[in-house]
Amino acid sequence: ELWQMPASELAPKIAKKEVSPVELMRTVLARADKLQPVLNCFITLVPEMAMKAAQEAEDAVMQGKPLGLLHGIPYAAKDLVNTAGVRTTFGSLLHEDNVPKEDAVAIARLKQSGAILFGKTTTPEFGWKGMTDSPLSGITRNPWNERKGAGGSSGGAAVSVSTGVGPIATIAMLLPATYALPPVSALIMLAGIYYGAQYGGSTTAILVNLPGESSSVVTRIDGYQMARKGRAGPALASAGIGSFFAGSVGTLILAAFAPP
C-alpha cells in the first residue's frame with residue numbers, strides 16, 4: 001500500500017515513474033478523510049491545493065525535468081510553522097483566521113526539494129505543553145487508544161505519520177530524544193523543556209500583551225493583567241524565578257525516583 005511506504009522509498013520510485021505523485025496524494029488525502037474524524041490530528045487540510053501541486057509534480061516527472069530530493073512527496077506542517085497562503089493558527093483562537101504571506105525557512109526548503117504540503121497538524125496553544133489539545137482544535141487522540149490524548153506538542157504530526165497519513169511531517173523531537181541520552185543528560189534536557197514550557201506560557205502573554213496562556217503555571221501570576229498595568233518587568237521576573245524553581249524541583253524528583 002502506498003500509505004505504508006516511507007519517503008525514502010517513495011521518492012526514487014516517483015523519479016523512476018513507478019509511483020504517481022497524483023495517486024500518492026489521492027491516497028494520503030483519502031486516508032486523512034477517513035481518520036481525521038476519529039483522531040483529530042489536523043487543524044487544516046488543503047486538498048485542492050495539494051492535488052494541483054501533485055499534478056504539476058507528475059507533469060515535471062513525465063517531461064523529464066530536474067527533480068528535487070523530495071519531489072512529489074506529501075507532507076504536513078505543524079501549525080506553529082508559517083505557511084504562505086495556508087492558515088497558521090498556533091493552536092490559538094487569537095489566530096484562528098491568520099494566513100501568513102511568507103513561508104518559514106523550513107517550509108521554503110521543503111518546497112525547493114519538491115515536497116507538497118497537504119495540511120497543518122494540531123498543536124497545543126502556542127506549543128507550550130506536553131499534550132496536544134487546544135480551545136481551537138480540541139483533543140488529538142492517541143491512535144493506539146482513542147480514549148486517550150496524544151502527547152505534545154507535536155502530537156498531530158506524530159499521529160498523522162504513525163497512521164500513514166503522509167510519510168513526512170514537521171515535528172519536534174525533544175522529549176523522545178531524552179530516551180537515547182545518558183541519565184544525567186536526559187535530566188538536563190527535561191529540566192530545560194519543563195522550564196521553557198512553564199516560562200514560555202507566561203512570556204507569550206506578557207511580551208505580546210495578549211490574553212490566553214496568560215498565567216505562570218507555577219506562580220499563578222496573571223502576566224497579561226500585570227502587563228496592562230505597566231508591570232510587565234515584575235511579571236517576567238516572577239514567572240522566570242518560579243519556573244526555574246519548578247524545573248529544578250522536577251529535575252531533583254526525576255533524579256531521585258527514576259530508574260538508573
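Under the side-chain contact (heavy atoms from CB on, under 4.5 Å) criterion, Pro21 pairs with Ile14, Ala57, Glu58, sequence neighbours left out. With sequence neighbours left out, the side-chain contact (heavy atoms from CB on, under 4.5 Å) criterion links Lys17 to Val61, Met62. Qualifying side-chain contact (heavy atoms from CB on, under 4.5 Å) partners for Thr27, counting only residues two or more places apart in sequence or in other chains: Leu2, Trp3, Glu23. By the side-chain contact (heavy atoms from CB on, under 4.5 Å) test, Gln63 pairs with Asp59, Lys65, sequence neighbours left out. Scanning for salt bridge (Lys or Arg N to Asp or Glu O under 4.0 Å) contacts around Glu18 gives Lys13, with sequence neighbours left out. Here Gln36 pairs with Asn40 under the side chain to side chain donor-acceptor pair (under 3.5 Å) rule; sequence neighbours left out. Applying the salt bridge (Lys or Arg N to Asp or Glu O under 4.0 Å) criterion to Glu56, with sequence neighbours excluded, gives no partner residue.
Residue pairs that meet the salt bridge (Lys or Arg N to Asp or Glu O under 4.0 Å) test with at least one member in residues 98-120, sequence neighbours left out, are Asp79-Lys120, Asp103-Lys111. Under the salt bridge (Lys or Arg N to Asp or Glu O under 4.0 Å) criterion, no residue pair touches residues 33-51, with sequence neighbours excluded. Within the structure, no pair that satisfies the salt bridge (Lys or Arg N to Asp or Glu O under 4.0 Å) test touches residues 136-159, not counting sequence neighbours.
In this structure, Ile43 belongs to a hydrophobic cluster whose other members, linked by side-chain heavy atoms under 4.5 Å apart, are Leu93, Leu136. In the hydrophobic clustering, Ile139 connects to no other residue, as no ILVMFWY side-chain heavy atoms lie under 4.5 Å from its own.
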